[in-house]
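Presented below is the structure to which this report refers.
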Amino acid sequence: MTGQNLKNDSLDDIYKKISSVMPEIEWKVHAPLIEKINILKKEKNAVILAHNYQTPEIYHGIADISADSLALAVEASKTSANIIVLCGVHFMAETAKLMNPQKKVLLPDMQAGCSLASSITGEDVRMLKEKYPGVPVVSYVNTSAEVKAETDVCCTSANAVKVVESLGVDKVIFLPDHYLANYVQKNTKVKIISWQGTCIVHEKFTAKEVDDIRKQNPEIKIIAHPECPPDVISASDFAGSTSGMVKYVKENQPKKVLLVTECTMSDNVQVENPNVQFIKPCNLCPYMKKITLGKIFDCLRNETNEIKISHNIATMARKSVQRMVEIGR
Ligand code: 13P
Ligand code: SF4
C-alpha cells in the first residue's frame, strides 16, 4: 500500500515532488485546481482515495491515500470523513460504498468502468452455480456489486491465492479474469474453474516485448501485474498487485525497472524512487484516465455522481468483500 497524507503540503512542496515527471507548463494548468480541491475537501470533511493508476497531479497533488484496490477497500471502511471521493473506477467506488454504507461515496465520472467488471453479470454467476453445484465462487473485486452479491468471497490480485486456499476445498469457480485465474492455478493445488474476462490494458503486453526490453537492458528488473498473459508473467522477475509492485521497487531499488502494467503508475513511483530508472512502454487504462481534476472538483463541489446500491444487493455483496478483508493480504 502507498499511504500518504497531503493535507498540509503547499503547492510548492507538491511541485517540487513531481517536477521530474511533469513539465512546468502542465503544472501551471493543474496548480489552481489542486489548491481549490484541497481547500474544498477540508471544508466538506471529505477524503480523497486514489488508485495507483491515477495521474501524478491526482496521486501526489490531492489524494489523501493512494493504493491498490485491496487497500482502498480497507481505507474506505476506516475513514471518519463525511464524503469519500474515489479517484479510480466504478467497481472501486461501489466497493467503498459497501465497506462504509453511511458515507456519501462520489465517483468523478460514472463512465469510468472496467473491461473485467463488464465481462460478467449476476445472471452469468447464477448460471455457473447451477452448472457447478456446491462449488464456492471467488470473485475478483473488479466486478459489479450484483456479481459480488452472488459471490462467496472476493479477492484482489494481492490476496487471490490466499483467499482461494482459505476455503479449504478442492475446487473453486474463480471470476472473471482468465489470466489472474491462470496465475492462481500456477500457485495452488485447488482446481480453478475460470471465466473468459480479460483486462484490456494488461492483455496487450507480450512476452516478446518483455524479452526484447530485457535484451536491450540486461540489468533490468521486470515486474508484472497478474492480469498479464501467463507468458508475460513467466518472462518477468516478480508478479504482484500494484502496491506489491510499488513495494518491490521501494525495497529493492533496482537500477532499472519495467513495470508491466498501466503506465501512469511508473510516473507516480518514479517520484518516490529518484535513483531508479523506469522503462515505460505505455498502455493506458481509458477508464482510469476519465478521472480529471476538473471532474473531481465539480463532483465534490456539487456532491454529484453519488454511488447508490440497492439494499438487497448491498447486503449480500458486503459479506463477500468483508470476508476478503478479514483474510487480508
Ligand atoms: P490492484 O488491485 O493491483 O491495484 O489492481 C487493480 C486493477 O484494476 C489493475 O488493473
Ligand atoms: Fe479494469 Fe484493466 Fe482498467 Fe484495471 S487497468 S481498471 S482491470 S480495464
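In each ligand, atom 1 is the first atom listed, and ligand 1 is the first ligand listed. Computed from a predicted model, the values in this text were never measured in an experiment.
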Whether the side chain of [X] engages the backbone of [Y] through a donor-acceptor N/O pair (distance < 3.5 Å, no angle test) should be reported.
X	Y	answer
N273	V269	yes
K162	I327	yes
T188	V190	yes

Inset, instruction - Tell me, yes or no, whether the heavy-atom count around K103 atom NZ, taken from other residues, nucleotides or ligands under 6.0 Å, exceeds 12. - result: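 Yes - once you tally the heavy atoms of other residues, nucleotides and ligands closer than 6.0 Å, there are more than 12.
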
Inset, instruction - Apply the side-chain hydrogen bond (donor to acceptor under 3.5 Å, both in side chains) test between R329 and each candidate in T156, D68, N159; give the one that qualifies. - result: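 Answer to the side-chain hydrogen bond (donor to acceptor under 3.5 Å, both in side chains) test with R329 among T156, D68, N159: D68.
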
Inset, instruction - Output the list of atoms in ligand 2 that are nearer than 4.0 Å to some heavy atom of Y53, sorted by atom number. - result: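 The atoms of ligand 2 under 4.0 Å from a heavy atom of Y53 are 5 (S).
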
What side-chain donor-acceptor pairs closer than 3.5 Å can you find for residues 130-143, not counting sequence neighbours?
{"from": "S139", "atom 1": "OG", "to": "T151", "atom 2": "OG1", "distance (Å)": "2.7"}
{"from": "Y140", "atom 1": "OH", "to": "E227", "atom 2": "OE2", "distance (Å)": "2.5"}
{"from": "T143", "atom 1": "OG1", "to": "Y140", "atom 2": "O", "distance (Å)": "2.8"}

Inset, instruction - Take H178 and S194 through the test side chain to side chain donor-acceptor pair (under 3.5 Å) and record every step on the way to the result. - result: CA-CA 6 Å; H178 186 60; S194 67; 3.1 Å; yes

Inset, instruction - Go through the steps to decide whether K97 and N100 satisfy the test side chain to side chain donor-acceptor pair (under 3.5 Å), and finish with yes or no. - result: CA-CA 5 Å; K97 182 70 184 173; N100 211 334; over 6 Å; no

Legend entry - Neighbouring protein N, O or S atoms of atom 1 (Fe) of ligand 2 [cut-off: under 2.8 Å, no waters]: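 Hits for atom 1 (Fe) of ligand 2 below 2.8 Å: C114 SG.
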
Legend entry - Residues lining ligand 1 [heavy-atom distance under 4.0 Å, listed by chain and residue number]: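 The answer is H51, Y53, D68, S69, N142, S157, H202, H225, E227, S241, T242, counting any residue whose heavy atom sits under 4.0 Å from ligand 1.
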
Legend entry - Cysteine SG atoms at C263 and C282 closer than 2.5 Å: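 Between C282 and C263 there is a disulfide, given that their SG atoms are under 2.5 Å apart.
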
Inset, instruction - With sequence neighbours excluded, give me every ring-ring contact (aromatic ring centres under 6.0 Å, His included) pair touching residues 181-236. - result: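 Sorted pair list: H202-H225.
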
